[in-house]
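Okay, so here's the structure we're looking at.
Whatever order the structure lists them in is the order used to number ligands and atoms, beginning at 1. All residue numbers refer to positions in the sequence shown, counting from 1.
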Amino acid sequence: MNFETSLDHFLDIATEAALAGGAILQQYWGQLENIQEKGRPGDLVTEADQAAEQAILAVIQRHFPQHQILAEESGWQGQQDSQFLWAIDPLDGTTNYAHQYPFSATSIGLLIEGIPQVGVIFDPFHRELFRAAQGRGATRNRQPIHVSNTSTLANSLLVTGFAYDRRETDDNNYAEFCHLTHLTQGVRRGGAAAIDLAYVACGRLDGYWERGLSPWDIAAGIILVQEAGGRVTAYDQSPQQLSSGRLLVTNGLIHEALSQALMTVKPLAIDWPAQAEA
Ligand code: IPD
Ligand code: CA
Ligand code: CA
């Protein structure tokens, strides 16, 4: 099998794994008995995250026992010197899921030599399967998708998110959220980075930015947006480094303007009340 045909194979297996994970998410929906905080307040893990991850790992490891894996709940596995790295979020949008707010997905990305090249995001609650591989375009339920053609911030609908360390740092994205809300038709906070990226890829949203992200949140979405004709960089438009956790993604047309807005925003001076009791 040469490299080109392998990409199709990787995409098929990623799809099989994402569908398996999604089936588990549906199975546990509304049935959770074990919701715990992993570390920071609000950073939840449930038996659905764990079970979906096991189902996904079983598929990936059965087909590619030599590959390396970084999965949110079980960490690093496999061969450290492999050129293939699977970045797996079994349940992106755990907070939504725990509240039965149906906006969550399974996200599976494959990095080859550190570059996202295959991505599958499956939202089982809306039956939407987003897929992409390098040079093959992006699809939603097997139909080609493309980013929007909105060309100004004033006409844009954006999305962002807030990392779990938001109460511990001034770099919490609150100022950026207010600033962009002022400049655009709106800024959504979906609560599932993978779906945010998929929605930019299919043109429902014009742009997305966030900090504090992990590779499993964004690896699949990055290739999806790129293959849908969008642009992915750091906030200052320099090449995005997966390890930075900071991402600016747009349809390309508003990239410069959104970057400019993010780079010039002034911090908010807010005297926050003490955190509410649990
Ligand atoms: C979170 C979601 C959320 C984003 C957070 C992520 P999780 O992932 O993608 O939208 O704002 O930064 O950690 O914890 O639900 O897998
Ligand atoms: Ca996530
Ligand atoms: Ca997760």
Has [X] got an N, O or S atom lying less than 3.0 Å from the Ca ion (ligand 3)?
{"X": "Leu91", "value": "yes"}
{"X": "Glu73", "value": "no"}
{"X": "Asp49", "value": "no"}

* To do: Tell me whether the guanidinium CZ or amine NZ of Arg40 lies under 6.0 angstrom from the six-membered ring centre of Tyr164 and within 45° of its axis.
  =>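 No, a cation-pi geometry is absent between Arg40 and Tyr164.
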* Charged tip of Arg246 within 45° of Tyr235 ring normal and under 6.0 Å ->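 Because its charged atom sits under 6.0 Å from the ring centre and within 45° of the axis, Arg246 does stack over Tyr235.
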* To do: With heavy atoms under 4.0 Å as the rule, classify the contact between Asp217 and ligand 1 as side chain, backbone, both or neither.
  =>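 For Asp217, only side-chain atoms sit under 4.0 Å from ligand 1.
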* Asked: For ligand 1, does Ala192 get within less than 4.0 Å through its side chain, its backbone, both, or neither, judged by non-hydrogen atoms?
  ->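 For Ala192, the contact with ligand 1 is made by the backbone alone.
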Polar atom proximity, [X] to ligand 1 (N or O, under 3.5 Å):
{"X": "Gly191", "result": "yes"}
{"X": "Gly212", "result": "no"}
{"X": "Thr95", "result": "no"}
{"X": "Arg189", "result": "yes"}
{"X": "Gly161", "result": "no"}
{"X": "Asp43", "result": "no"}
{"X": "Gly93", "result": "yes"}
{"X": "Leu91", "result": "yes"}

* Asked: Taking just the N, O or S atoms of Asp217, which one is nearest to the Ca ion (ligand 2)?
  ->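 So the atom name we want here is OD1.
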* Asked: Closest to the Ca ion (ligand 2), which N/O/S atom of Asp89 is it?
  ->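 When I compare the N, O and S atoms of Asp89, OD2 is nearest to the Ca ion (ligand 2).
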Can you list the atoms of ligand 1 that are under 4.0 Å from a heavy atom of [X]?
{"X": "Phe162", "value": "11 (O)"}
{"X": "Asp89", "value": "16 (O)"}
{"X": "Glu72", "value": "16 (O)"}

* Distance-only polar pair, side chains of Asn155 and Thr150, donor-acceptor under 3.5 Å ->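 No donor-acceptor contact under 3.5 Å links the two side chains.
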* Does one side chain, of Gln54 or Glu73, offer a donor that lies under 3.5 Å from an acceptor on the other? ->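 No, no side-chain donor-acceptor contact under 3.5 Å.
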* For the Ca ion (ligand 3): the N/O/S atom of Glu72 at shortest distance ->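 Considering only N, O and S atoms, Glu72 comes nearest to the Ca ion (ligand 3) through OE1.
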* **Candidate list Asn172, Asn173, Asp171, test side chain to side chain donor-acceptor pair (under 3.5 Å), partner Arg211, passing option** =>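 Among Asn172, Asn173, Asp171, the one meeting side chain to side chain donor-acceptor pair (under 3.5 Å) with Arg211 is Asp171.
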* Asked: Any idea which protein heavy atom is nearest atom 11 (O) of ligand 1, and the distance to it?
  ->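 Checked against all protein heavy atoms, atom 11 (O) of ligand 1 sits closest to Glu210 OE2, 2.5 Å.
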* Rounded to the nearest 0.5 Å, what separation is found between the CZ atom of Phe125 and the CD1 atom of Ile195? ->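 Answer for the CZ-CD1 pair, Phe125 versus Ile195, is 9.0 Å.
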* To do: Looking only at non-hydrogen atoms, find the nearest pair between Asp89 and Leu91 and report the distance.
  =>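 Residues Asp89 and Leu91, closest heavy atoms: OD1-O, 3.0 Å.
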* Of all the atoms in Asp92, is at least one N, O or S atom closer to the Ca ion (ligand 2) than 3.0 Å? ->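 Here the distance criterion (N, O or S atom, under 3.0 Å) is met by Asp92, so yes.
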* Whether His67 and Phe84 hold their rings parallel, tilted or perpendicular, with breakpoints at 30° and 60° ->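 Rings of His67 and Phe84: parallel, under 30°.
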